Amino acid sequence: MKVVALNDVLGTEHDVDGGNWVSRRLIKKDDGMGYSVNDTIIKAGTETHIWYQNHLEAVYCIEGEGEVVTLKDNKVWPIKKDELYALDEHDEHLLRARTDMRMVCVFNPPLSGKEVHDENGVYPVDED
């Protein structure tokens with residue numbers, strides 16, 4: 001059994017500031033669960049280019065509103081509280097926050113906990 005309190009992660013190396021977002025890595029690769037879980041704040045008024053070429057992600061919005069634009073078809077997906085979206089095809093996308101958005105993000109394969117997006121919006125694969 002494992003219990004992780006958000007307060008235990010705040011201010012540690014697993015409280016990662018990516019500029020447009022702050023992601024608190026709650027379950028990481030080294031926890032051995034086969035996925036990772038982040039509590040992430042997307043900052044109001046931002047647009048972030050993301051392309052998880054190496055990961056699948058499911059995102060549950062627990063606060064705020066914004067939208068996802070899938071770049072392969074320029075489709076706009078409004079996102080608000082109590083909705084989940086899944087990037088099940090390694091979708092290259094833009095994430096736009098109208099307000100601060102608090103998201104619970106689940107990644108497969110799991111993140112090590114320190115990743116930030118590269119210039120293409122990609123998280124690298126953790127080879128450890």
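Only this structure's heavy atoms are used, side chains among them; waters, hydrogens and symmetry mates stay out. Because the structure is predicted, anything quoted here is derived from the model rather than measured. Along the sequence shown, residues carry numbers from 1.
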Where is the tightest heavy-atom contact between [X] and [Y], given as atom of each residue plus distance?
X     : Y      : value
Asp15 : Val9   : CB-O, 3.5 Å
Glu47 : Asn20  : O-ND2, 3.0 Å
Glu13 : Val16  : O-CG2, 3.6 Å
Lys43 : Ala97  : O-CB, 3.4 Å
Ile27 : Val4   : CD1-CG2, 4.4 Å
Ala44 : Asp100 : N-OD1, 2.8 Å

Atom [atom1] in [X], atom [atom2] in [Y]: separation rounded to 0.5 Å?
X     : Y      : atom1 : atom2 : value
Ile79 : Leu95  : CD1   : CG    : 8.5 Å
Asp82 : Cys61  : CG    : SG    : 8.0 Å
Arg25 : Cys105 : CZ    : SG    : 9.0 Å
Glu57 : Leu111 : CD    : CG    : 8.5 Å

For [Y], does its backbone N or O pair with a side-chain atom of [X] as donor and acceptor, under 3.5 Å?
X     : Y     : result
Lys72 : Asp91 : no
His90 : His55 : yes
Thr99 : Glu65 : yes
Arg24 : Leu10 : no
Asn38 : Thr40 : no
Asp31 : Lys28 : yes

[X], [Y]: one ILVMFWY side-chain cluster at the under-4.5 Å cut-off?
X     : Y     : answer
Met33 : Val37 : yes
Ile42 : Tyr52 : yes
Val68 : Trp21 : yes
Leu26 : Tyr60 : yes
Leu6  : Val22 : no

A side-chain contact here means heavy atoms from C-beta on lying under 4.5 Å apart; do [X] and [Y] qualify?
X     : Y      : result
Lys81 : Arg102 : no
His93 : Ile50  : yes
Tyr85 : Met103 : yes
Leu71 : His49  : yes

Please check if any side-chain donor atom of Thr70 sits under 3.5 Å from a side-chain acceptor atom of Trp77, or the reverse. yes

Any carboxylate oxygen within less than 4.0 angstrom of a Lys/Arg side-chain nitrogen, looking at Arg98 and Glu67? yes

